[in-house]
Amino acid sequence: MSNADFMAGLRADAEPGSHPGFDSPRVSGQPDKLLLTGATGFLGAYLLDEWLRQTGVTAYCLVRAPDTAAAQARLRLQLDRCGLWSDDRAGRIIAVPGDLARPQLGLDAAQYARLAEEIDVICHNGAWINALLSYQDLKPVNVEGTRAILRLAGEVRQKPLHYVSTLALFFGTGHTRQTLTETDVPVLDEGLRGGYKQSKWVAEQLVRNAGLAGLDTTIYRPGRILGHSHSGVNTNLQDIFCIILKACLKLGSYPAMDTVIDITPVDYISRAVVHLASSESRRTGEVFHLHNPTPVPWNQLMEMVRDLGYPLRPLPEEAWHSEVRRRSSAQAGESFFRQLRLLLRSPIYLFSPDKPLYCGEMTLNRLAEAGIVCPRVDAELLATYVGYLKDCGFITVDSNP
Ligand SMILES: NC(=O)c1ccc[n+]([C@@H]2O[C@H](COP(=O)([O-])OP(=O)(O)OC[C@H]3O[C@@H](n4cnc5c(N)ncnc54)[C@H](OP(=O)(O)O)[C@@H]3O)[C@@H](O)[C@H]2O)c1
């Protein structure tokens, strides 16, 4: 298939298709029952915690599992990992075994009808995140799953939909070095490479189209989500930043680069989403940018890690990549470096000089009113992050005393 045909296919997938329309009566008043997707994931666990903390909802969590008990156990496990489980709130968490990739979300007809009738608000955060898979691989979960959620949102009663998108949608060549605000619409072009970003572009477009068709929608675009600002907890260690940090520590060197990195703690994002989603002043159709307003220069970041006691020396970029190649292809080549090489071959944007800059001033102002401020990336935050990564066994290199 030519690239042009592939792009045309993505645009066609973003068309609304058949859904019941959004002319059913709108849910009004304070929501009582929330449907949350992706609660067994990293951001999802913190979103669940914040929905329970900031609002009075009971949270129905769609979880991949064979039955309710297994779904409940998966939720409990993830909340425990994040230090968020509390017996007092257990009664407000209802596990719903299901699957975004299956028809009617993998629910039987009675359960689907009950959710369509009873749910007051939806927070769709679940997605399959994988930098190596193709659009076709990810489409059933990320695109068709979103379409199924939109259908549910319009069924019986119109439920407001809060959709977790990503700032990575702006990585197409159409936005090279631009400064982007919440009102910018991500352009699909051949520069938007990688199945994950493409599938999320289609999904956001579906949500936008549903908004234009009358559904009450809000879109949240987070930047790079990293650990909790106080505990450092991070259950998404497949993130390219974590992997590159681990590689730097193993090699004792880092690629010296003139670029900045967005590091946004998960607790800021979850607090922000739930505050904005439940605010009395919210309006339909809003878009929010949730990134760190103070991105940190990469070289400075590495110097801060070095100051924590890890021997790290700067290398010219190509020399650092040669080191990775050497470690992956030596006779006893390490599987970690082999995987890293594969990742570095796929279109990653972490180090790209063409990265756009983000401006989330409207979002920041709205959050400042509620005292929600993104933590700065400083030595203390980095020590918390590296400490957690060592405690959980992800980083095995010792620092100098
Ligand atoms: N991580 C980042 O830096 C970042 C940045 C910007 C935006 N985002 C967005 O934030 C959201 C959450 O990301 P995350 O980092 O928390 O990812 P994550 O830890 O991988 O969590 C993904 C969640 O989606 C669920 N999921 C995947 N496939 C599913 C399916 N077929 N049916 C039902 N649930 C399914 C997963 O369930 P299982 O536990 O069953 O796999 C998991 O609960 C995503 O929408 C992502 O696009 C993330």
Side-chain angles (χ1 to χ4, degrees), residues 35-50 59-66 70-71 73-79 81-82 95-107 122-131 133 137-149 152 161-171 186 194-204 207 219-228 233-243 261-270 272-273 288-292 348-350 358 360:
L35 176 68
L36 174 64
T37 64
T40 53
F42 180 36
L43 176 59
Y46 286 93
L47 284 174
L48 174 56
D49 179 63
E50 285 295 337
Y60 289 69
C61 302
L62 188 86
V63 175
R64 279 194 290 187
R74 291 204 59 213
L75 282 170
R76 165 91 197 239
L77 185 70
Q78 177 63 356
L79 290 170
R81 285 176 81 195
C82 299
V96 180
D99 189 330
L100 285 167
R102 289 178 46 209
Q104 293 207 146
L105 302 167
L107 306 170
I122 300 177
C123 182
H124 179 34
N125 153 79
W128 190 2
I129 303 177
N130 187 310
L133 292 180
D137 292 330
L138 300 173
K139 179 177 164 180
V141 179
N142 296 357
V143 174
E144 296 310 327
T146 301
R147 206 188 293 280
I149 288 287
L152 180 71
L161 173 71
H162 299 276
Y163 172 66
V164 179
S165 182
T166 167
L167 280 172
L169 300 192
F170 287 114
F171 289 177
Y196 168 66
K197 289 173 217 134
Q198 292 160 346
S199 64
K200 290 289 285 189
W201 181 88
V202 174
E204 185 181 298
V207 173
I219 293 172
Y220 305 85
R221 296 190 190 124
R224 177 169 307 285
I225 308 174
L226 287 182
H228 188 282
V233 170
N234 182 346
T235 66
N236 183 18
L237 299 176
Q238 292 316 306
D239 179 84
I240 186 76
F241 174 82
C242 296
I243 292 176
I261 306 286
D262 168 40
I263 290 183
T264 313
V266 66
D267 43 317
Y268 167 73
I269 294 181
S270 55
V273 168
F288 296 103
H289 281 185
L290 297 167
H291 57 96
N292 199 315
I348 61 161
Y349 228 65
L350 187 65
Y358 300 111

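Keep in mind that this is a model prediction, so the values were computed, not measured. Position 1 is the first residue of the sequence; numbering continues from there. Start at 1 and go down the list; that is how both ligands and their atoms are numbered.
- Using a 4.0 Å heavy-atom cutoff, Asn125 is listed among the residues neighbouring ligand 1.
- Between Arg64 and ligand 1, an N or O atom pair is found at a separation short of 3.5 Å.
- Ile129 CD1, 3.3 Å is the protein heavy atom nearest to atom 13 (O) of ligand 1.
- Within the listing of ligand 1, atoms 10 (O), 16 (O) sit less than 4.0 angstrom from a heavy atom of Leu43.
- Only side-chain heavy atoms of Asn236 come within less than 4.0 Å of ligand 1; its backbone N, CA, C and O stay farther off.
- By heavy-atom distance, the residue among Val63, Leu167, Leu100 lying nearest atom 34 (N) of ligand 1 is Leu100.
- Close approach of ligand 1 to Ile225 is summarised as follows: ligand atoms under 4.0 Å from at least one heavy atom of the residue are 2 (C), 3 (O), 4 (C), 5 (C), 48 (C).
- For atom 5 (C) of ligand 1, the closest heavy atom belonging to the protein is Gly223 O, 3.0 Å.
- Less than 4.0 angstrom separates some heavy atom of Val164 from each of these atoms of ligand 1: 9 (C), 10 (O), 11 (C), 45 (O).
- No hydrogens or angles considered: a donor-acceptor pair under 3.5 Å links the side chains of Tyr220 and His162.
- Atom 21 (O) of ligand 1 has Gly41 CA, 3.3 Å as its closest protein atom, hydrogens excluded (heavy atom only).
- Nearest to atom 8 (N) of ligand 1 by heavy-atom distance, out of Tyr196, Tyr46, Tyr163, is Tyr196.
- Ligand 1 has no nitrogen or oxygen under 3.5 angstrom from a nitrogen or oxygen of Gly126.
- Ranking the protein heavy atoms by distance from atom 7 (C) of ligand 1 puts Ser165 O, 3.2 Å first.
- Salt bridge annotation for Glu144-Arg102: absent, with no cationic side-chain nitrogen under 4.0 angstrom from a carboxylate oxygen.
- Nearest protein heavy-atom neighbour of atom 26 (N) of ligand 1: Ala127 O, 3.9 Å.
- If you check which protein heavy atom lies closest to atom 19 (O) of ligand 1, you get Phe42 N, 2.9 Å.
- Summary of contacts: the protein heavy atom closest to atom 40 (O) of ligand 1 is Arg74 NH1, 2.9 Å.
- In this structure, the protein non-hydrogen atom closest to atom 43 (O) of ligand 1 is Thr40 OG1, 2.7 Å.
- Atoms of ligand 1 lying under 4.0 Å from at least one heavy atom of Asp99, given by number and element, are 30 (C), 31 (N), 32 (N).
- Each of the following atoms of ligand 1 lies closer than 4.0 Å to a heavy atom of Lys200: 44 (C), 45 (O), 46 (C), 47 (O).
- The closest approach between Ala65 and ligand 1 stays at or above 4.0 Å for every heavy atom of the residue.
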